[in-house]
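Just so it is clear, the model here is predicted, and its values are computed rather than measured. Position 1 is the first residue of the sequence; numbering continues from there.
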Amino acid sequence: MSTKSLSKSDAPKNPTNREHSLGENDFIVSKTDTKGRIIYCNEIFVEMAGYPASSIIGANHNLIRHPDMPKIAFKLAWDLIQNKKEFFGLVKNMSADGGYYWVFAYITADLDPSGRIISYTSVRRKANQSAINIIEPIYKALVDAERSGGMNASETILNNFLKEHKMNYEEFVINIQKGATI
Ligand SMILES: Cc1cc2nc3c(=O)[nH]c(=O)nc-3n(C[C@H](O)[C@H](O)[C@H](O)COP(=O)(O)O)c2cc1C
């Protein structure tokens with residue numbers, strides 16, 4: 001059995017419409033180093049990602065990045081966690097077979113006693129279908145905007161949308177995950 005870490009180039013090039021469902025009481029956990037390379041993941045992570053556990057360790061977390069996710073979502077996440085703030089988000093991930101699973105994700109920095117960031121930890125649970133129905137067309141608009149105008153374009157769209165709803169991204173996703181409508 002190979003123990004070589006995987007990279008994004010090992011991920012499927014063509015996503016499929018096969019949905020992998022996460023149980024109501026499941027938590028997907030992973031930990032990365034400061035560069036976003038996976039240093040720990042739990043069994044459910046391995047099951048959902050569909051790669052051998054031994055080759056996930058050391059891989060960049062973008063291994064499971066889904067092309068339907070806008071870049072701006074990850075920029076938001078990294079801007080917060082690098083500043084020791086928590087990130088909450090709705091994320092569509094891609095499994096080894098090209099299928100997908102939606103999660104409500106939480107990411108935070110792990111600090112040493114002097115307050116220096118030593119790693120990051122993420123815990124995710126199943127995303128509510130009503131939240132997915134709301135966020136999917138928004139992410140699609142953001143991905144489309146990024147294709148033609150880069151991240152500046154998607155950032156403008158997202159900021160305008162959030163301003164209109166008088167919320168930041170985090171408040172918005174927490175509300176819709178709780179079942180709020182827009
Ligand atoms: C602890 C932690 C967990 C992460 N979890 C995910 C995840 O589940 N899915 C994902 O696509 N990116 C996740 N990321 C973000 C990735 O590091 C990366 O920024 C993202 O996949 C976009 O990659 P790209 O810029 O190479 O396209 C996580 C980052 C950290 C620090």
Side-chain angles (χ1 to χ4, degrees), residues 5-8 11 22 27-42 44-45 48-49 56-94 101-128 131-132 134-136 138-147 149-178 180 182:
S5 303
L6 294 163
S7 72
K8 190 65 196 157
L22 197 57
F27 286 98
I28 305 181
V29 183
S30 64
K31 228 176 206 325
T32 73
D33 64 11
T34 53
K35 303 258 188 306
R37 283 180 299 241
I38 301 168
I39 54 174
Y40 166 80
C41 61
N42 69 349
I44 296 176
F45 185 104
M48 297 302 290
I56 292 174
I57 302 301
N60 188 301
H61 219 307
N62 69 4
L63 176 66
I64 56 166
R65 186 205 201 291
H66 198 288
D68 289 353
M69 280 300 295
K71 291 188 177 74
I72 189 69
F74 298 115
K75 180 181 184 297
L76 269 177
W78 279 101
D79 284 352
L80 285 168
I81 62 174
Q82 283 176 327
N83 285 297
K84 305 176 190 175
K85 297 196 177 98
E86 298 169 319
F87 168 80
F88 290 88
L90 283 157
V91 180
K92 184 178 188 178
N93 279 329
M94 185 165 65
Y101 56 101
W102 277 96
V103 292
F104 180 61
Y106 167 80
I107 315 179
T108 191
D110 308 313
L111 311 179
D112 74 5
S114 69
R116 203 170 48 98
I117 297 176
I118 46 172
S119 54
Y120 296 104
T121 300
S122 178
V123 182
R124 314 151 183 95
R125 51 168 299 192
K126 188 183 170 81
N128 280 341
I132 298 170
I134 294 169
I135 207 77
E136 216 168 10
I138 297 171
Y139 282 176
K140 181 163 188 330
L142 297 175
V143 168
D144 287 347
E146 284 171 1
R147 260 191 218 118
M151 229 193 318
N152 284 343
S154 62
E155 192 161 27
T156 304
I157 293 176
L158 183 61
N159 286 342
N160 288 342
F161 175 86
L162 293 169
K163 210 161 154 193
E164 205 179 293
H165 289 83
K166 299 187 174 61
M167 274 181 241
N168 61 28
Y169 171 82
E170 184 176 311
E171 291 164 335
F172 181 69
V173 293
I174 290 173
N175 277 348
I176 61 173
Q177 171 69 9
K178 282 184 184 161
I182 55 166

Answer yes or no: is there a donor N or O on one side and an acceptor on the other, between the side chain of D112 and the main chain of I118, under 3.5 Å?
no
Determine whether more than 12 heavy atoms belonging to other residues, nucleotides or ligands lie under 6.0 Å from atom NZ of K31.
yes
Working to the nearest 0.5 Å, report the span between CD of E136 and CG of D68.
7.0 Å
Working to the nearest 0.5 Å, report the span between OH of Y169 and CD1 of I135.
5.5 Å
The reported gap from OG in S5 to CD1 in I57 (rounded to nearest 0.5 angstrom) is 8.0 Å
Does any N or O in the side chain of N83 come within less than 3.5 Å of the main-chain N or O of K85, such that one atom is a donor and the other an acceptor?
no
What are the two closest heavy atoms between A145 and A153, and how far apart are they?
O-CB, 3.7 Å
Distance-only, no hydrogens or angles: does the K71 side chain make a donor-acceptor pair with backbone N or O of S154 under 3.5 Å?
no
Check E171 against M167 and note the closest heavy-atom contact, atom names and distance.
OE1-CA, 3.3 Å
Is the closest side-chain heavy-atom distance between I134 and L90 below 4.5 Å?
no
Nearest-0.5 Å distance that lies between atom OH in Y101 and atom NZ in K92:
12.5 Å
Student check: side-chain heavy atoms of E146 and I72 closer than 4.5 Å
yes
For the pair Q177 (side chain) and N128 (backbone), establish whether a donor and an acceptor sit closer than 3.5 Å, ignoring hydrogens and angles.
yes
Listed pairs under 3.5 Å, donor-acceptor, residues 157-166 side chains, sequence neighbours left out:
unit_1, atom_1, unit_2, atom_2, d
N159, ND2, E155, O, 3.4
N160, ND2, T156, O, 3.3
H165, ND1, F161, O, 2.9

Grab the two heavy atoms, one from Q82 and one from Y120, that are nearest each other, plus how far apart they are.
CG-OH, 3.4 Å
With sequence neighbours left out, the residues meeting side-chain hydrogen bond (donor to acceptor under 3.5 Å, both in side chains) with Y40 are none
Crowding at NZ, K178 (>12 non-hydrogen neighbours, <6.0 Å)
no
Hey, could you give me the CD1/OG1 distance between I81 and T108, rounded to the nearest 0.5 Å?
8.0 Å
Among I64, L63, I28, side-chain contact (heavy atoms from CB on, under 4.5 Å) partner for N93
I64
Going by heavy atoms in the side chains, are I107 and L80 under 4.5 Å from each other?
no
H61 and S30 have their tightest heavy-atom pair at NE2-OG, 2.9 Å
Check: F104 and I174 side chains under 4.5 Å, non-hydrogen atoms
yes
Calculate, to the nearest 0.5 Å, the distance between atoms CE and NZ belonging to M48 and K126 respectively.
8.5 Å
Heavy-atom side-chain proximity of F74 to R65 below 4.5 angstrom
yes
N175 side chain to A180 backbone, donor-acceptor under 3.5 Å
no
Might you point out which heavy atoms bring C41 and I38 nearest each other, and give the distance in Å?
CB-CG2, 4.4 Å
Is there a side-chain contact between F87 and E170 (heavy atoms, below 4.5 Å)?
no
So do P70 and V143 actually touch side chain to side chain, heavy atoms under 4.5 Å?
yes
Over all atoms of both residues, closest heavy-atom pair of R124 and A105:
CG-CB, 3.7 Å
